[in-house]
Amino acid sequence: MSAPPGVHASGPRILVFSTNNISDPGIDLAGSAHMHYPASVVVISLPCSSGVKPSWIVHALERGFDGVFIAADGGDCAYLSDCTDRTGKVVQEAQRLLTERGGDPRRLKMAAVCSVCAESFASHMEKFHAALAKLEPASAGGSHG
Amino acid sequence: MSDDTPTPRRIGVFICHCGGNISDYVDVEQVRQAVAGEAEVVTAKTTMFACSDAAQQEMTEAITQDNLDGIVVASCSPKLHLFTFRAMADRAGLNPYRYVQANIREQCSWAHRGEMPAATAKATAIVRAAVARAEASEPLATMRIETQPRALVLGAGVAGLRAALALADMGLTVTIAERAQRPGGWAATFGRTFARDRSGAEMVEELLRRVHEHEHITLFTGAELIEKSGSVGDFTAVLRVANGDTVTLNVGAIVVATGFQDYQPTVGEFGWGLPDVVTLPQYKRMLDAGQGLHRADGRPVKTVTFLYCVGSRQGEEVERPNRYCSRYCCTAACHAGIVSAEQAPGLHQVHLFRDMRTYGKYELLYEEAQRAGAVFLRWDPEEPPVVASDAGGLTVRVKDRLLGGEELEIPTDLLVLVTGMVPRENATLLNALKLPLGGDGFFNEIHPKLRPVETVANGVFIAGTAQGPKTIAESVASSLAAVSKTAALLLKGYVDLEPFVAEVDEERCTWCGKCLDACPYKAIEKVAVAGKEVARIIPALCKGCGGCALPCAENAIDVKGYTDEQVLGMIDALLEEAAE
């Protein structure tokens with residue numbers, strides 16, 4: 001009865017950075033609508049996706065996450081009209097750091113997820129999960145997904 | 001950043017069954033056991049409904065009895081009960097910002113049904129991360145700011161006038177600034193309007209009469225906002241008024257009701273530029289004039305054709321398409337059809353529509369227009385109508401979808417392009433307000449459902465069509481919503497601001513100025529501390545987005561509540577389960 005193998009049971013572990021007002025409600029909606037996405041996806045919600053620090057992404061991947069996904073505010077951001085560009089720069093900087101440290105930049109993805117984009121979130125997760133499973137395993141992973 | 005108290009933190013964890021919404025898919029007892037073993041967790045309990053009075057009572061008792069200095073409630077999304085549990089912590093004497101909500105319903109049990117082991121492991125990870133965040137939490141205090149009992153309303157259209165009257169009736173002092181030389185906005189130019197045929201001009205006249213009589217309202221025309229400084233509750237607003245002078249106001253809140261512009265077709269777009277091709281607002285003025293309908297050459301109009309969706313719902317064929325539906329035009333065109341039939345019996349009317357969006361009770365107007373003799377044909381955006389003109393006059397060629405795409409040629413005396421609404425161009429205002437625009441170019445609310453008139457700029461509210469296409473009725477409803485938010489803010493006399501603002505580590509900061517450039521809210525200033533220039537955040541102006549952190553090469557900026565220590569702690573905690 002005890003959860004045998006833990007979260008990694010369902011393959012690649014994905015850390016999502018979401019945003020309190022835009023993408024996190026979209027992710028909530030995926031749950032409310034009982035849409036399926038891998039249980040190895042976990043979420044940390046922040047005020048705005050342009051506030052994700054590249055160092056957090058590097059830390060997450062080096063400590064054991066197989067992928068990091070930024071569920072960005074996109075054009076809906078209530079804080080910054082150029083949020084997409086700024087979040088893009090976060091991604092660039094994190095990928096530069098990752099490459100420099102021998103990591104695989106493909107383990108970082110970003111897409112705008114709006115406050116009702118439940119379906120698109122679930123599908124992003126399924127696809128990213130599948131793509132990560134095909135990469136050189138960063139850690140022991142199961143096969144189903 | 002954390003004080004160096006050697007005493008370990010004392011965290012309490014409450015895990016909610018949510019009836020069975022969580023516990024049917026997550027083994028909550030197993031989650032409890034897993035986190036109860038964490039070093040700084042002194043109490044871990046499960047509860048049937050964490051939000052119930054009884055459960056909240058139990059939590060407040062635990063806070064006192066176990067001397068908790070942090071609390072985690074693992075239940076639903078924070079969008080539902082964040083404030084419930086913050087208030088609970090506050091009642092028990094625990095700093096509310098030492099409470100952390102763990103979302104194990106929307107983001108776990110509901111999303112992973114039928115996978116209990118995996119869902120349980122994920123819930124455990126989520127709760128562990130929340131504990132880590134609580135452990136690194138600091139007591140934060142809201143910032144209390146006294147509010148000025150005065151409001152500035154931008155725009156003297158129907159939304160702005162209605163807002164000003166409602167605010168002044170509540171005892172607030174109101175200044176209205178209208179950019180045009182005459183107040184009244186669009187509604188003042190309309191005769192009969194749907195749904196009840198009330199004249200727009202008369203309605204505005206009545207509102208203006210009351211505004212002029214009101215001792216607490218001042219109306220400036222030919223005036224625009226050129227500068228805004230200060231923050232919620234206490235803004236300084238500078239208007240440039242008609243004679244070129246400036247007027248400086250001290251107001252607690254600003255209502256933006258600057259309205260829309262009607263879409264101007266480009267030359268050649270559905271025959272625009274040809275004689276006898278007019279837009280819907282132009283046609284309405286012809287009707288309102290009551291002089292009968294005439295062609296440019298003076299001959300009477302026997303056939304009028306309405307072409308819908310001009311400037312709305314555009315696709316890739318346009319460089320910067322207006323993708324949205326303008327919402328009012330289908331109904332306005334049907335209504336214009338009804339009025340036309342009354343004024344010109346025997347007039348032939350053809351309405352070429354894409355989809356009929358006379359939503360809600362306006363559907364009755366669509367039916368009424370049909371009964372009045374208007375013929376409706378539906379066209380396909382793949383093959384839009386084509387307008388041509390020759391010596392005989394205008395012809396519209398259209399493939400009717402209901403006739404299987406058969407092409408019809410409609411000779412017409414007058415073609416009315418049913419144009420939509422577009423955002424008003426107002427660079428001066430945008431620059432002064434620093435409000436973000438949505439993808440469609442209209443002002444953006446914080447949340448379309450839950451916070452529909454608030455903007456990211458605290459104390460600045462949006463009303464009417466400045467926010468997006470609306471009918472007059474919807475404009476007034478949104479204007480009164482903005483009034484209620486404004487009055488709730490100003491009548492209370494003070495405002496408490498969330499403390500999740502950025503913070504600069506002055507030891508690390510070397511003042512390069514990059515954070516200043518990254519902040520559109522002017523929330524960063526340069527100060528000298530012990531002979532060293534450093535950046536400092538102005539808390540009342542900071543929105544807490546964290547956008548200033550990226551360019552900081554020294555990693556000297558954190559957002560409170562989302563510090564490096566907290567986020568890195570959460571990442572490690574999320575991985576703990578797998579690492580074991």
Side-chain angles (χ1 to χ4, degrees), chain A residues 1-10 13 15 17 20-22 24-25 27-48 50-56 59-60 63-65 74-83 86 89-90 93 115-116 122 139, chain B residues 27 30 76-79 103 105-113 115-122 124-126 129 436-439 444-449 451 455-456 500 518 520-521 543-551 555 559 561-562 564 567-568 570-572 574-575 577-580:
Chain A
M1 72 137 240
S2 64
V7 177
H8 61 300
S10 37
R13 284 157 300 170
L15 173 64
F17 284 109
N20 295 341
N21 292 324
I22 314 282
D24 207 56
I27 298 170
D28 278 354
L29 192 59
S32 307
H34 303 308
M35 288 172 190
H36 184 268
Y37 60 88
S40 57
V41 172
V42 289
V43 181
I44 292 180
S45 185
L46 304 167
C48 172
S50 61
V52 176
K53 289 190 183 179
S55 55
W56 298 343
H59 181 90
R63 287 301 175 94
F65 276 104
D76 294 344
C77 182
Y79 297 102
L80 301 162
S81 52
D82 57 347
C83 184
R86 289 176 185 243
K89 281 187 190 144
V90 172
E93 176 60 12
S115 61
V116 292
S139 56
Chain B
D27 184 337
Q30 198 184 319
C76 51
S77 162
K79 280 98 214 158
N103 181 350
R105 193 179 72 174
E106 281 82 348
Q107 293 190 2
C108 188
S109 69
W110 278 352
H112 312 300
R113 303 197 301 171
E115 309 174 75
M116 195 178 259
T120 302
K122 175 171 172 177
T124 305
I126 293 172
L437 300 177
N444 224 6
E445 66 287 322
I446 288 189
H447 190 284
K449 292 191 183 76
R451 300 174 73 181
T455 69
V456 64
F500 300 122
Y521 300 104
K543 308 293 169 217
C545 63
C548 53
L550 180 66
N555 194 22
V559 174
Y562 306 91
D564 264 11
V567 175
L568 297 177
M570 288 175 82
I571 292 171
D572 292 345
L574 286 168
L575 286 164
E577 189 76 359
E580 274 164 5

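The figures that follow rest on heavy atoms only: side chains count, while hydrogens, waters and symmetry mates do not. Numbered from 1 within each chain, the chains take letters A, B, ... in sequence-line order.
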Highest number of heavy-atom pairs under 4.5 Å with chain B: which of A:Leu15, A:Asn20, A:Asn21?
A:Asn20

By a 4.5 Å heavy-atom criterion (distance strictly below it), what part of [X] contacts chain A: side chain, backbone, both, or neither?
| X | answer |
| --- | --- |
| B:Ala518 | both |
| B:Tyr521 | side chain |
| B:Asp564 | both |

Can you list everything that forms a salt bridge (Lys or Arg N to Asp or Glu O under 4.0 Å) with A:Arg63? Sequence neighbours excluded, please.
B:Asp572

Check whether A:Lys89 reaches the backbone of A:Ser50 with its side chain - one donor and one acceptor, N or O, closer than 3.5 Å.
no

Under 4.5 Å from any heavy atom of chain B, what part of A:Pro54 do you find: side chain, backbone, both or neither?
side chain

Under a 4.5 Å heavy-atom cut-off, does chain B meet the side chain of A:Asp24, its backbone, both or neither?
both

Residue among B:Glu445, B:Lys449, B:Arg113 with most heavy-atom pairs under 4.5 Å to chain A:
B:Arg113

If you count heavy-atom pairs within less than 4.5 Å of chain A, which of B:Ser109, B:Pro520, B:Cys545 leads?
B:Cys545

How close do B:Ala119 and B:Cys108 get, heavy atom to heavy atom, and via which atoms?
O-SG, 3.3 Å

Which heavy-atom pair separates A:Leu29 from A:Ser115 by the least distance, and what is that distance?
CD2-O, 4.3 Å

Residue B:Lys79 excluded, over 12 heavy atoms near NZ under 6.0 Å
yes

Rounded to the nearest 0.5 Å, what's the gap from CG on B:Asn555 to CG on B:Leu550? Could you check?
10.5 Å

